[in-house]
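Reading through the structure tokens given below for one structure.
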Amino acid sequence: MRLVVRNLSKTFSMGFFSRRHVEAVRDVSFEVKGGEIVSLVGESGSGKTTTAKMILRLLPPTRGEILFEGKDVWRDLKEREELREFRRKMHAVFQDPFASYNPFYPVERTLWQAIELLGEDLSKQDKLNLIKESLLRVGLDPKDVLGKYPHQLSGGQKQRIMIARCWILKPLFIVADEPTSMIDASSRGGIIKLLEEMREENGTSIMFITHDLGLAYYVSDRIFVMKDGRIVEEGSPDEIVLSPKHEYTKTLVSSIPKLYKRMEDLV
Ligand SMILES: Nc1ncnc2c1ncn2[C@@H]1O[C@H](COP(=O)(O)OP(=O)(O)O)[C@@H](O)[C@H]1O
Ligand SMILES: [Mg+2]
């Protein structure tokens with residue numbers, strides 16, 4: 001797996017009659033290798049989610065290209081089967097676990113859909129077993145969640161089910177956009193740990209998006225600092241946090257209350 005992002009830009013036009021434009025992402029380039037965890041760090045409005053959506057093929061870029069396994073995700077993936085394979089290999093865990101579910105269906109529907117995407121010829125019983133296995137894998141007891149509706153579960157439980165989806169699909173690449181920012185503090189460390197285990201056991205690459213440089217320092221192999229739509233600095237966690245070069249990175253570093261030295265400090 002290799003993801004190459006080259007000169008990626010996105011400009012939003014604010015309505016047909018308006019001349020206002022927002023340059024949400026400006027000439028962003030970076031690469032992610034197989035098994036790597038990279039973080040995109042920046043304050044709210046810096047263009048992180050827009051970048052993620054373009055990579056996930058949810059929002060078309062204004063300029064630039066995104067190559068995933070050598071294919072341009074916007075120009076080369078046309079056939080239904082190619083798109084399906086892309087959805088299987090590249091997966092998202094979003095910030096808001098509430099918005100990721102349809103309120104009218106039991107939560108496991110999302111896991112049945114993941115199995116459909118897997119496209120393997122399994123019996124109904126095999127599928128159910130796979131669902132239960134994936135729930136256990138992310139620390140959930142199937143009897144606590146099967147048949148429940150989204151409003152009956154906590155944000156942390158719902159986010160774990162999104163990761164259970166990843167365990168079923170075993171994607172090559174996960175984009176996790178602020179996966180812990182809307183859930184209670186006590187569940188945060190667990191979610192991060194599950195993502196790290198995905199990498200350890202399946203060699204999954206992860207793009208972790210956060211406004212929290214301390215958290216990025218703890219989880220990443222490399223950090224990209226984003227400000228006003230641009231990547232202003234890139235480096236290893238130690239380079240970024242211990243010897244920041246850009247003024248904005250320095251500000252971010254000074255606002256980390258304390259460096260997270262251990263996992264327990266995250267929760
Ligand atoms: N659909 C949209 N239409 C217009 N402007 C948008 C849209 N989505 C995002 N923006 C703007 O683009 C900028 C970057 O937003 P976003 O990528 O969500 O940042 P982040 O995820 O870093 O908080 C912001 O100024 C935001 O208001
Ligand atoms: Mg965002």
Side-chain angles (χ1 to χ4, degrees), residues 1-10 24-25 28-40 47-61 64-97 99-101 110-120 130 134 137-138 159-180 191-192 194-210 219-222 224 226 231:
M1 196 303 301
R2 199 156 82 112
L3 179 84
V4 180
V5 172
R6 269 194 215 130
N7 308 110
L8 193 63
S9 299
K10 180 71 187 183
V25 176
V28 160
S29 299
F30 61 86
E31 289 192 24
V32 184
K33 296 189 278 281
E36 203 177 19
I37 299 185
V38 300
S39 288
L40 201 53
K48 306 181 300 295
T49 296
T50 304
T51 303
K53 284 185 175 166
M54 291 191 280
I55 292 172
L56 287 161
R57 212 182 181 283
L58 299 175
L59 185 73
E65 57 187 8
I66 300 151
L67 304 172
F68 180 62
E69 293 193 293
K71 283 189 180 162
D72 185 315
V73 306
W74 283 96
R75 294 186 189 95
D76 296 339
L77 307 181
K78 295 205 174 65
E79 306 291 324
R80 223 179 109 97
E81 190 45 47
E82 286 175 317
L83 285 171
R84 188 184 157 103
E85 192 179 315
F86 178 72
R87 294 273 168 251
R88 199 160 59 215
K89 289 182 174 175
M90 162 123 36
H91 208 70
V93 177
F94 287 116
Q95 174 174 18
D96 182 358
S100 305
Y101 292 89
T110 186
L111 301 178
W112 288 104
Q113 288 170 333
I115 292 179
E116 289 310 312
L117 202 53
L118 205 55
E120 283 174 22
L130 187 53
S134 73
R137 188 62 197 72
V138 299
Q159 208 56 306
R160 279 174 191 265
I161 296 173
M162 292 320 282
I163 297 176
R165 249 183 98 93
C166 296
W167 277 102
I168 290 173
L169 290 165
K170 301 213 178 356
L172 296 174
F173 195 94
I174 296 175
V175 178
D177 189 356
E178 312 243 15
T180 61
I191 298 292
I192 300 295
L194 286 170
L195 287 170
E196 288 184 323
E197 286 167 6
M198 280 296 300
R199 188 259 291 266
E200 295 313 315
E201 290 178 37
N202 303 317
T204 313
S205 307
I206 298 172
M207 187 164 97
F208 186 70
I209 296 179
T210 179
V219 301
S220 328
D221 300 317
R222 271 188 311 141
F224 304 118
M226 205 163 177
I231 290 181

Distance-minimising heavy-atom pair for [X] and [Y]:
X	Y	result
Glu31	Glu36	O-OE1, 4.3 Å
Gly47	Val25	O-CG2, 3.6 Å
Ile168	Ile115	CG2-CG1, 3.8 Å
Pro171	Cys166	CD-O, 3.3 Å
Val219	Ser39	CG2-OG, 4.0 Å
Met90	Leu3	CE-CD1, 4.1 Å

Expected output: side-chain [X] to main-chain [Y] donor-acceptor under 3.5 Å:
X	Y	answer
Ser220	Ile37	no
Ser205	Phe173	no
Arg222	Val38	no
Arg57	Leu77	yes
Thr50	Ala24	no
Thr210	Glu178	no
Gln159	Thr180	no

Please enumerate all residues that pass salt bridge (charged side-chain N to carboxylate O under 4.0 Å, His left out) together with [X], with sequence neighbours excluded.
X	answer
Asp76	none
Lys89	Glu69, Glu85
Asp221	Arg199
Glu201	Arg137

What is the distance from atom [atom1] of [X] to atom [atom2] of [Y], rounded to the nearest 0.5 Å?
X	Y	atom1	atom2	result
Thr110	Arg165	OG1	CZ	3.5 Å
Asp177	Leu56	CG	CG	8.5 Å
Ile163	Met198	CD1	CE	8.5 Å

- Task: Would you please name every residue forming a ring-ring contact (aromatic ring centres under 6.0 Å, His included) with Phe86, sequence neighbours left out?
- Result: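 Once residues adjacent in sequence are excluded, the partners of Phe86 under the ring-ring contact (aromatic ring centres under 6.0 Å, His included) criterion are Phe68.
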
- Message: Could you work out, with ring-ring contact (aromatic ring centres under 6.0 Å, His included) as the rule, every residue matching Phe224, not counting sequence neighbours?
- Response: Phe30

- Just do the side-chain contact (heavy atoms from CB on, under 4.5 Å) check on Arg84 and Leu117 with the steps written out, would you? CA-CA 7 Å; Arg84 188 184 157 103; Leu117 202 53; 4.0 Å; yes

- Message: If you count every heavy atom of other residues, nucleotides or ligands that lies below 6.0 Å from Lys10 atom NZ, does the total exceed 12?
- Response: yes

- Message: Can you confirm whether Glu200 is buried at CD, in the sense that more than 12 heavy atoms of other residues, nucleotides or ligands lie under 6.0 Å from that atom?
- Response: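 Enclosed.
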
Criterion side-chain contact (heavy atoms from CB on, under 4.5 Å) against [X], the qualifying member of [options]:
X	options	value
Trp167	Leu130, Val138, Leu111	Val138
Met54	Leu59, Thr49, Val28	Leu59
Ile174	Ile206, Asn202, Leu169	Ile206

- Query: Is any side-chain heavy atom of Trp74 closer than 4.5 Å to a side-chain heavy atom of Glu65?
  - Reply: no

- Query: Are side-chain heavy atoms of Met226 and Thr51 found at a separation under 4.5 Å?
  - Reply: yes

